[in-house]
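Note: hydrogens, waters and symmetry copies are ignored here, and every other heavy atom, side chains too, is used.
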Amino acid sequence: MTPIEIALNEARAAAARGEAPVGAVVTDKSGQVLARAGNEVEARHDPSAHAEMLALREAAQRLGQTRLADCTLTVTLEPCPMCAQAASFFRIARVVFGAYDPKGGGVVHGARVFAASSCHHRPEVVGGMREAEAAALLRSFFEARR
């Protein structure tokens, strides 16, 4: 299973729990999964419990280090500014995401964290991976709640 497929499965599981359907996975340079997570904002009563934050923290703990150099963060939605900044602080090598987020994104849209002169580490970014599928998950989740 590819990292984006794992992230999509995490997003589906998050939706089933009533969380916004966002999933993330961190892989090492060989492609081995170090951590995976879906959003847990509601369950933890923690607005920072985004899938990316949870996966980055778990990967760092698993490796026993604060830097995730040579690792890739794959997520179903363009990371928000908080998660993009965290990816920079973790020194993640690459960020791959599915759906673009014109309203709340922090990579291609909005704050464009990696383009800021204050950004100390700029990972490689690949957007649009399985974009239609990731966007459809989000759209159907939020339409059902309106």
Of all the heavy-atom pairs spanning [X] and [Y], show the shortest one and how long it is.
X	Y	result
Leu138	Val22	CD2-CG2, 4.2 Å
Ala55	Ala37	N-CB, 4.0 Å
Leu73	Ala87	CD2-CB, 4.3 Å
Asp70	Ala93	N-CB, 3.7 Å

Pairs where [range] contributes a residue and the test salt bridge (charged side-chain N to carboxylate O under 4.0 Å, His left out) is met, not counting sequence neighbours:
range	answer
residues 21-42	Glu40-Arg44
residues 119-129	Arg94-Glu124
residues 48-64	none

Per the side-chain hydrogen bond (donor to acceptor under 3.5 Å, both in side chains) rule, what does the pair list look like for residues 15-27, sequence neighbours excluded? none
Using the rule that Ile, Leu, Val, Met, Phe, Trp and Tyr join whenever any side-chain heavy atoms are under 4.5 Å apart, tell me whether Leu77 and Phe142 fall into a single cluster. yes
Same apolar cluster (I L V M F W Y, side chains within < 4.5 Å links), Leu34/Leu56: yes
With sequence neighbours left out, what residues match Ala15 under side chain to side chain contact (heavy atoms under 4.5 Å, CB included)? Pro21, Phe141
Shared-cluster residues of Met82, by chain and number - hydrophobic side chains joined below 4.5 Å: Met53
Would you give me the side-chain donor-acceptor pairs under 3.5 Å for residues 3-12, sequence neighbours excluded?
unit_1, atom_1, unit_2, atom_2, d
Glu5, OE1, Thr2, N, 2.8
Glu5, OE1, Thr2, OG1, 3.2
Asn9, OD1, Arg12, NH1, 2.7
Arg12, NH2, Glu133, OE2, 2.5

Distance in Å, [X] [atom1] paired with [Y] [atom2], rounded so as to fall on 0.5 Å steps:
X	Y	atom1	atom2	answer
Phe90	Gln85	CZ	CD	12.0 Å
Leu63	Cys71	CG	SG	5.5 Å
Leu68	His121	CG	NE2	9.5 Å

Mind running side-chain contact (heavy atoms from CB on, under 4.5 Å) on Leu137 and Thr76 for me, showing each step along the way? CA-CA 9 Å; Leu137 271 172; Thr76 58; 5.6 Å; no
Extract all donor-acceptor atom pairs below 3.5 Å that involve side chains of residues 95-120 and protein atoms in other chains or at least two apart in sequence.
unit_1, atom_1, unit_2, atom_2, d
Tyr100, OH, Gly127, O, 3.4
Asp101, OD1, Lys103, N, 3.3
Asp101, OD1, Gly104, N, 2.9
His109, ND1, Glu78, OE1, 2.8

